[in-house]
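Since the structure comes first, as structure tokens, the remarks are kept for the end.
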Amino acid sequence: MISALLDTVLGSALNLLLLVIGLLPAVDASSLPIAVPDSVRGVLSALNWFVPIGDLITILTVWIGLLIAANVAMIIWSAVRAAKG
């Protein structure tokens, strides 16, 4: 009895999730600045509903660029400090 109830609840939840994912808008993967694998293209519409992919890529690119710049600056600063003695 418990397994039938669990099966019904989980099946209903899965059907509801699939319905919601089916209602989400589509993403034009060709407009993205990176090449997207075919296995990921189907999921982009669901992700784009919550976080716009183009903006996310821009934010991550800037963030990674700033992290690299900060690390390079720290390496240069430590090299200059070590050269001074």
Side-chain angles (χ1 to χ4, degrees):
M1 173 156 168
I2 293 176
S3 64
L5 181 63
L6 266 166
D7 189 35
T8 304
V9 169
L10 291 177
S12 299
L14 181 63
N15 285 332
L16 182 62
L17 178 69
L18 291 174
L19 174 70
V20 169
I21 288 175
L23 295 175
L24 295 175
V27 174
D28 183 18
S30 63
S31 67
L32 296 176
I34 60 171
V36 178
D38 290 333
S39 60
V40 176
R41 288 181 191 217
V43 182
L44 283 180
S45 61
L47 182 61
N48 192 48
W49 182 264
F50 300 105
V51 179
I53 300 296
D55 294 340
L56 180 65
I57 291 173
T58 303
I59 290 168
L60 289 176
T61 303
V62 169
W63 181 254
I64 290 170
L66 289 173
L67 285 176
I68 291 172
N71 284 326
V72 168
M74 287 174 43
I75 290 170
I76 292 172
W77 177 252
S78 63
V80 167
R81 198 170 47 180
K84 285 184 179 179

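Residues take their numbers from the sequence shown, with the count starting at 1.
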Is there a chain of hydrophobic side chains (I, L, V, M, F, W, Y, each step under 4.5 Å between heavy atoms) that links I64 to V72?
-> yes
By side chain to side chain contact (heavy atoms under 4.5 Å, CB included) - contacts of L60 (at least two apart) =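 Partners of L60 by the side chain to side chain contact (heavy atoms under 4.5 Å, CB included) criterion, ordered by chain and then number, come out as L56.
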How many angstroms lie between OG1 in T61 and CG in L66, if you round to the nearest 0.5 Å?
->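 Here the rounded value is 11.0 Å.
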